[in-house]
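Here is the structure we will look at, set down as C-alpha cells.
Small disclaimer: the values here were computed from a predicted structure and weren't measured. In what follows, chains are A, B, ... by sequence order, proteins preceding strands, each numbered from 1. FYI, side chains are in, hydrogens and waters are out, and symmetry mates aren't considered; it's all heavy atoms of this structure.
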Amino acid sequence: MDLPELHRLMLVARRIDEEAIAMQRQGELPGYAPMKGQEAAQVGSAAALDLTRDFAFPNYRDLGAAVAMGVDLVGYLSTHLGTWHGGMYDPQASRLAPVNAVVGGAVPHAVGWAMGARLDGTGGVAITYFGDGASSQGDVHEALNFAAVYRLPVIFFCQNNGWAISVPAERQVAGGSVAARAAGYGIEGVRVDGNDVLAVFEATSEALCRGRDGGGPTVIEAMTYRMGPHSTSDDPGRYRTLEEEREWAERDPVARAAANLPAEVVAEAEAHAAQVVRQVREGLIATGERPAGELFSFVYREPTKALLDQQRGSHV
Amino acid sequence: MDLPELHRLMLVARRIDEEAIAMQRQGELPGYAPMKGQEAAQVGSAAALDLTRDFAFPNYRDLGAAVAMGVDLVGYLSTHLGTWHGGMYDPQASRLAPVNAVVGGAVPHAVGWAMGARLDGTGGVAITYFGDGASSQGDVHEALNFAAVYRLPVIFFCQNNGWAISVPAERQVAGGSVAARAAGYGIEGVRVDGNDVLAVFEATSEALCRGRDGGGPTVIEAMTYRMGPHSTSDDPGRYRTLEEEREWAERDPVARAAANLPAEVVAEAEAHAAQVVRQVREGLIATGERPAGELFSFVYREPTKALLDQQRGSHV
Amino acid sequence: MSEFSLQQALNLALQHACEDDDRVLIFGEDVGGLGGVFRVTDGLQAKFGDRRVFDTPLAESGIMGMAVGLAMAGWRPVPEVQFDGFSYPAIDQIVNQVARLHYRSRGSFAMPITLRVPSFGGIRAPEHHSESLEALFAHVPGLKVVSPSTPGEGYHLLRQSIADPDPVIFLEPKSRYWHRESFDPGAPVEPLPVGTSRIARPGKHATLIAWGAMVTRCLQVAELAAEDGVELEVVDLRWLKPIDADGLAASVSRTRRAVVVHEAPLTAGLGAEVSTLVTDRCFGELRAPVQRVTGFDVPYPSGALEDEYLPSIDRVLTAVQATLEYRRG
Amino acid sequence: MSEFSLQQALNLALQHACEDDDRVLIFGEDVGGLGGVFRVTDGLQAKFGDRRVFDTPLAESGIMGMAVGLAMAGWRPVPEVQFDGFSYPAIDQIVNQVARLHYRSRGSFAMPITLRVPSFGGIRAPEHHSESLEALFAHVPGLKVVSPSTPGEGYHLLRQSIADPDPVIFLEPKSRYWHRESFDPGAPVEPLPVGTSRIARPGKHATLIAWGAMVTRCLQVAELAAEDGVELEVVDLRWLKPIDADGLAASVSRTRRAVVVHEAPLTAGLGAEVSTLVTDRCFGELRAPVQRVTGFDVPYPSGALEDEYLPSIDRVLTAVQATLEYRRG
Ligand SMILES: Cc1ncc(C[n+]2csc(CCOP(=O)(O)OP(=O)(O)O)c2C)c(N)n1
Ligand SMILES: Cc1ncc(C[n+]2csc(CCOP(=O)(O)OP(=O)(O)O)c2C)c(N)n1
Ligand SMILES: [Mg+2]
Ligand SMILES: [Mg+2]
C-alpha cells in the first residue's frame, strides 16, 4: 500500500475520531476513547495484513485498525454507543476480534489463534494491539513466553503512546522499552516511529513475513502519542503539560503524511472522509433500541432452561 | 562465610533431605519435595543474608535456605508432615516467610516487603526464591517490573534446576535464560554456577550491596540441577535420561565443596550433620496430634461470631 | 454537619486514616496525581507525599502482591483496583495469599489490607466496569467484605475497615459516588462491631434486604408501597461477610416475609446465602419463601440493556406482591 | 463391561474424544510426556502426537488465554489446570474471556472449551491442592460446571462436556481417581441433557444432595441410616450449572426433607443455592429447613486437620437426625 492510500485511511480515522468526540459532547454517545495521534501506528500496521488469512485482536482504542481493515464502522462504534460491548460488526468476516476492554487480556488470544492457524497450515499471522500500560500485565508476559516457546506467528504490536491514563510510560515500563523485552524471550523486537505510517507498514510487513516463514513472533513497539484525553471523561490537564502536547502536535502523523502528498490528493481524501463521517454519523443515530430479550441471547449456544425461565419472568 | 562453614551447612541440608525421603518411604512423612543437588544455590545465597534486616521468601523446595538461616528444622519440615501448611517455625524471628506452594505467588511479596523496608530505612533487602518454571508466571513479570520501576532492594533468586516437574527449562524459558530477562527491565541480571557455593555466596553478597546502596533489584539465575524427583510421588524416569542424571551427579555441589576441604573437616561436618538429622527425626516423630479446634484458629485476628458458631457445632 | 457526596466522604475517610496512622499507604492505578478515576483519592498525594500515596504500574496482581509484602513489613496498605471487573486478575493473590497469610503463618503476620473496589453497575459503563463480586469474596475464608450505601456509612465503614486487623474488601457503589447527604464525620460513632446490619427504614409487612446501590432502590420501592399501605422494612446488610444473621432473623421474625435484592446474577449469588440464613433461622415464622430479585444469569450488558438487567422498581414490587400473596401450595 | 478407575475412565474419554473429533486439543502443565500428575492424559501424546497433546509453560492464565484463541480459530481445546487452587491465576481469563466471548461476539465465536480441574480434598495434599471452586464457577454467566462421582459418570460426562459447544468446567474429584467400577464405555448412553441430576440411591425419608466425592460419603451415610430403618435418597447433582432444580424438587417433594453436603466452605457455597432452589419450589412441602453440611469457613487445612474439616459421616448423620426430628418452632 502506498502513502496516498495510507493517508486516506488515516484521514478517515481522524475525522471519525473527531466526530465521535463531537457526538459524545452532544450527548449522542455515552463515552469514547479517542485515538487521535495514533493513526499511523494503527493504520500502518493493520493495512499490512492479509485479510484472507491474518487476524487482529484490538483493545478499545483501535479505530484506525478497524478503518484500515474495512470494518463496518457503525458496528465498530456501537460499543461506545452502548449497544453491545463487543461491537456490532462481524468479527469473523472482518478478521477483527470483538473490542476487548481488559487491558492485556486479549494478548494471549492471539497466541492461541496463531497456534490454531499453524495447525491448519493457513500461513495466517495474528496481530495483537496493546498499550505501554498493558505491557505491565502478567498476561502479556505469559503470552510472549508461550509464543516464543512455540515460535508462533504472532505480532505483539505495542502502541507506546506515552501514557496509561495518568501514568507516563517511564514510570510504567521499567527499562524504558517494550521492544527491548523481546530479547529476553529470544525473539525479534523492533522500535519504530509510530507516527511514520510507511515505517510502521514496513515493520509490520517484515514481521508478517517472519511469521509466515516460521520465524516466530515479533514485538513491534510503535512510539506515538495519545493527543487527546484517555477517554471523554478524562482530564489530561491534571497530569501532563501543554508543552508536551504541543510538541507532539508538531509530529501529527496525519499532517506528516499529508505534507508529502499533492494538495489535490489531500483534498480528495478530505472529501472522502467527510462522506464516510456523514454515513457513520447517520448510521449511529439510526441505531435503534435493542429488541426486548436480547439481553438473554448469546449467553450459551442454546439457552439453558434456567435462563429461559428467567427470561420468561418466572424468576422476577 | 568461608567454604568449611558453607560446606557444613550444605551437608546438613543434604542429610536432612535424605532423611526426609527415607521417612516418606517409611510412611512417616506424607510427602516431600527433595532439593538434593540445589544445596549450593540455597545455602550460598541464604548464608549471605544479614538476618538482622534482610528477609527471605521461599517456595516449597528451599530446605537449604532454612538450614543456612538457622530456622527450626522440625518446624520447617512440619509442612511436609501435614501439621500446618506454612510450617511451624516462627517466620518473623527466622526472617523466612512461611512456605509458599503457589509457583511464583510469593515473588511480588518480596517487592512489597522491600518497599516497606525502604520506607522504614532499615537497609534490609528481600530475597525471593523461585524456579525456572515459575519464571513463566505473570506474577514474576509484574514483580520484576514493579521492583525495577521503584528501584527496590530485591534479589530475584531463580534456581534454574533444569526442570519444572517434567518440562525441561528449554521448553519453559523462551530465550533460554531468566537472568537475560533482567536487561529488559533495565536491572542487573547475572547467571552463576549454582553448584559453586562460593560463587553463589559472592553473587548474592554483591546483589545485597547493590540493594542496600539504592542500586535496585538484581536477578540471579543459579544454574543447578534437581538430582531427585520433583516430589516423592514423581517418577523422573518418565521424562529424563539416566545419562543426564549421571552427568549432573558428577557436578554434585556438596561433593565439590568437600573435595576442596581437608578430610577431617568433612568428617567433622558429617558427624555434626548426623547429629542434626537425629534431632530432627526425633522432633518430627514426636510431633503429636493437633489440638482440637486448631482448625478454627488464625482465620482472623479475632474469630468472628459466625466462625465461633461453626466451631461450637451450631452449624454441623 | 456538612454535606458530602459518597466520593467526598470516602476521600475524607482516607485522609483521616492517613493522618491518624502513619503506616497507612494508598496505592493503585492513577490514584496519585490524578486522584483516581473517580477522584476518591483526590488531593491525598499532595497532602501525604508520594511515598504514602502513589501510582503503580498497570497490574492488579502485582498491586495485591505488593500489598501482602507491605503488610508483612508492618504497613497498612489501602490499595485500589480501578474497577470491579479488574479484580479478577488479582484474585489469585487475594484468595491464595491475602486471605491466608495470617492463617498460614499461624498469626505471625497480620494482613490489615483494605482493598477498595469501585463496584456494581448503573452508570452505562464499558464492559467489565459494572460487576458485582461480593459472592466470590464472601465465599473466601479469611476475608471480610463490606459495602456502604450512603456517604455517612461510607465514611465510617471505610475508617473501620482500615482500622481492622484483617483484610477487608471494600465495595464502593459507584453509581452512588455523586449522591450527597449531610453527616458529621467528627461525631462519635457507636462502636458497631464488624458484621452488623442497619435498618434503613422500619416496616412490618415484609423485609427487603439489600446492599450498595440496591438499598436506594429498595427505599424507593418502600416509598411506593407505603402509598398502598404496605409497610416494608429495608435492611441495609452492609457487611457481606460476616453477615448479620441475627439482625436479619430479628427483622424477618417480625415481618415474616423477605425479599433479597442484588445486582449480581441470580445463581450462586449472595442472595442464596441470605435466603438460606433467613430460612434456617425463621423457618417456622416465614409465610412465604424468600424471594430473590437479582441480575439475570447473563454477562453484565451494555448500556442499552442495563435497565433491563438491573433489579427495577417493578421487579422488586412484583416480588413483594408475590411474597404478600403467597399461599402455601 | 470392564473395570475402570475414574482416572482410567477419563483417560479413555479423552482418547475417544480425540479419535472422534480431530479438532480436539489437549494441553496443560505436564500433560504430555508425563501424562499429567494424575496420569489422566497418560499415553495420549504417544497416540495423537505432540501437536494435539502438548505441554505448556507453567502459567495458568496463559493456558486459558491460549485456549480462547484456539477456540476462536475453530479448535476444541481441552486444557488442564494441574490442581484446583491453581485455577485462581486463570480466573480472569475464565470469567472475563472464556465465559464471555460467545456473548461479546454475538454468537460469532463458539467457546467449546472443556477445562479439566483435579478438584476437592481428601488426599492429604499440600496447600492449594484441595480446593472446591464450584460456587465461584457456577456464579459466572456463560459457564457450565459439572463434576462426576463415578468412573462411568466420568466417562460420559467428559465426552458430553467436550462435545458441548459452550465452555464447561469439569471438576474431577481427585480422591476418587483410583476407585474402580465396571461399566461399558461402548454402551449407548441415554442422551441426557446437560443439567440433569441422578438418583444415586432411592429413599423416602430425606434427600441427601451432593456431588463429587461427597456422593460416596452420602451413600455411606445412607447405608448406615438404613440399618436404623431410615431410608435416605441420595441425589448426585452432577451438573452444578445449570442445576437440575426440577429433579431436586421432585425428590424433595417426596421426602420433604433435604440435606446438602459439600466440601467447600459454608458461606456463599453452592449449598446455599441448592437450599434456596429447593426451598423455593418445595416451600409448602418441606418439613424442616434444608440442612447444610459443608467445609467450615476456614482455609482448607493441612493433612492433620483434614478429617476435621471435611463433612464426616457423623456430621452428615447429625444433620439427618436434625432434619428428621425438626419441629416447627
Ligand atoms: C486489567 C485492566 N485494568 C485496568 C483497566 C482500566 N484502564 C483502562 S485503559 C487503562 C490504561 C491503559 O493504558 P495503555 O495500555 O497504555 O493503553 P492506552 O489507554 O494508552 O491506549 C486502564 C488503567 C482495564 N481496562 N483493564
Ligand atoms: C501456580 C501453580 N501452578 C502449578 C503448580 C503445581 N506445581 C508445583 S511445582 C511445579 C513445577 C515448578 O517448577 P519450578 O518453578 O522450576 O520449580 P522446581 O519445582 O523445579 O523447584 C508445578 C507445576 C503450583 N504449585 N502452582
Ligand atoms: Mg498508553
Ligand atoms: Mg525447576
Side-chain angles (χ1 to χ4, degrees), chain B residues 55 57 79 84-94 97-102 104-120 122 124 126 128 137-150 152 154 294 297-302 304-307 309 315, chain C residues 22-23 25 27 51-52 54-75 77 79 89 92-93 95-97 99-112 141-144 164-167 193-195 239 241-246 277 280:
Chain B
F55 204 94
F57 295 79
T79 184
W84 197 264
H85 282 316
M88 300 285 289
Y89 58 100
D90 179 339
Q92 299 257 26
S94 311
V99 169
N100 205 310
V102 182
V107 176
H109 304 174
V111 176
W113 187 94
M115 178 178 277
R118 188 170 65 188
L119 286 168
D120 279 325
T122 63
T128 163
Q137 286 285 357
D139 267 12
V140 172
H141 159 68
E142 296 186 9
L144 282 163
N145 189 49
F146 274 58
V149 160
Y150 300 123
L152 293 172
V154 187
E294 185 168 49
S297 309
F298 311 122
V299 182
Y300 299 103
R301 210 73 182 150
E302 303 286 340
T304 61
K305 183 176 166 301
L307 205 51
D309 283 351
H315 286 267
Chain C
D22 62 11
R23 305 298 284 180
L25 300 176
F27 51 94
R51 291 163 65 93
R52 293 192 58 198
F54 56 93
D55 289 331
T56 63
L58 209 174
E60 290 77 10
S61 190
I63 292 172
M64 289 316 289
M66 190 166 73
V68 169
L70 281 163
M72 291 176 81
W75 294 82
D92 175 53
Q93 283 292 333
V95 175
N96 281 339
Q97 307 294 346
R100 297 201 191 182
L101 244 149
H102 184 263
Y103 194 79
R104 186 181 299 143
S105 69
R106 301 177 60 81
S108 185
F109 293 101
M111 284 287 123
L143 297 182
K144 295 174 179 172
D164 198 274
D166 297 311
V194 164
W239 285 97
K241 176 143 190 191
I243 292 178
D244 184 9
D246 293 341
L277 286 175
D280 194 53

Shortest non-hydrogen contact from [X] toward [Y]:
{"X": "C:Leu101", "Y": "B:His109", "answer": "CD1-CE1, 3.9 Å"}
{"X": "C:Gln93", "Y": "B:Pro108", "answer": "NE2-CG, 3.6 Å"}
{"X": "B:Phe298", "Y": "C:Gly107", "answer": "CD2-N, 3.6 Å"}
{"X": "C:Thr56", "Y": "B:Phe146", "answer": "CB-CE2, 3.9 Å"}
{"X": "C:Leu70", "Y": "B:Gly116", "answer": "CD2-N, 3.5 Å"}
{"X": "B:Asn145", "Y": "C:Pro57", "answer": "ND2-CB, 3.8 Å"}

Find the one option among [options] whose heavy-atom pairs under 4.5 Å with chain C are most numerous.
{"options": "B:Val102, B:Val299, B:Leu119, B:Thr122", "value": "B:Leu119"}
{"options": "B:Val149, B:Val111, B:Asp139", "value": "B:Asp139"}
{"options": "B:Gly112, B:Ala147, B:Pro98", "value": "B:Gly112"}
{"options": "B:Ala93, B:Ala106, B:Ser297", "value": "B:Ser297"}
{"options": "B:Ala114, B:Gly105, B:Ala143", "value": "B:Gly105"}
{"options": "B:Glu142, B:Met88, B:His141, B:Arg301", "value": "B:Arg301"}

Next on the checklist: Using heavy-atom distances under 4.5 Å, tell me whether B:Val107 contacts chain C through its side chain, its backbone, both, or neither.
Outcome noted: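 Interface part for B:Val107: neither.
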Item to check | Toward chain C, the part of B:Tyr89 with a non-hydrogen atom under 4.5 Å | outcome: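 B:Tyr89 has no heavy atom closer than 4.5 Å to chain C.
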Next on the checklist: Can you classify the ring geometry of B:Tyr150 versus C:Phe54 as parallel (below 30°), tilted (30 to 60°) or perpendicular (above 60°)?
Outcome noted: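 It falls in the perpendicular class, over 60°.
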Checklist entry - Under a 4.5 Å cut-off applied to non-hydrogen side-chain atoms, are C:Lys241 and B:Thr304 in contact? => result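 With C-beta onward as the side chain, the pair stays apart.
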Checklist entry - So do C:Trp75 and B:Met115 actually touch side chain to side chain, heavy atoms under 4.5 Å? => result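 Not in contact.
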Next on the checklist: Using a strict threshold of under 4.0 Å (side-chain N to carboxylate O), is an ion pair present between B:Asp120 and C:Arg23?
Outcome noted: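 Looking at C:Arg23 and B:Asp120, the cut-off is met.
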Please classify the contact of [X] with chain B as side chain, backbone, both or neither, using a heavy-atom distance under 4.5 Å.
{"X": "C:Asp244", "answer": "neither"}
{"X": "C:Asp164", "answer": "neither"}
{"X": "C:Ile243", "answer": "neither"}

Next on the checklist: Check this for me: B:Gln92, atom CD, are more than 12 non-hydrogen atoms of other residues, nucleotides or ligands nearer than 6.0 Å?
Outcome noted: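 Yes, CD of B:Gln92 has more than 12 neighbouring heavy atoms, counting only those of other groups under 6.0 Å.
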Next on the checklist: Just to verify, what does C:Asp22 make a salt bridge (charged side-chain N to carboxylate O under 4.0 Å, His left out) with, not counting sequence neighbours?
Outcome noted: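 C:Asp22 satisfies salt bridge (charged side-chain N to carboxylate O under 4.0 Å, His left out) with no other residue.
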Item to check | Set of residues satisfying salt bridge (charged side-chain N to carboxylate O under 4.0 Å, His left out) with respect to C:Arg106, sequence neighbours excluded | outcome: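 For C:Arg106, the residues satisfying salt bridge (charged side-chain N to carboxylate O under 4.0 Å, His left out) (neighbours in sequence not counted) are B:Glu294.
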Checklist entry - Do any N or O atoms from the side chain of C:Tyr103 and from the backbone of B:Tyr300 form a donor-acceptor pair under 3.5 angstrom? => result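 Pair absent, no side-chain N/O of C:Tyr103 close to backbone of B:Tyr300.
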Next on the checklist: Please identify, among C:Ser61, C:Ala67, C:Pro165, the residue contributing the most non-hydrogen atom pairs under 4.5 Å to chain B.
Outcome noted: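 Of C:Ser61, C:Ala67, C:Pro165, C:Ser61 has the most heavy-atom pairs under 4.5 Å with chain B.
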Next on the checklist: I'd like to verify something: which residue of C:Ala71, C:Ser105, C:Pro167, C:Gly142 has the highest number of heavy-atom pairs under 4.5 Å with chain B?
Outcome noted: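 The option with the most such pairs is C:Gly142.
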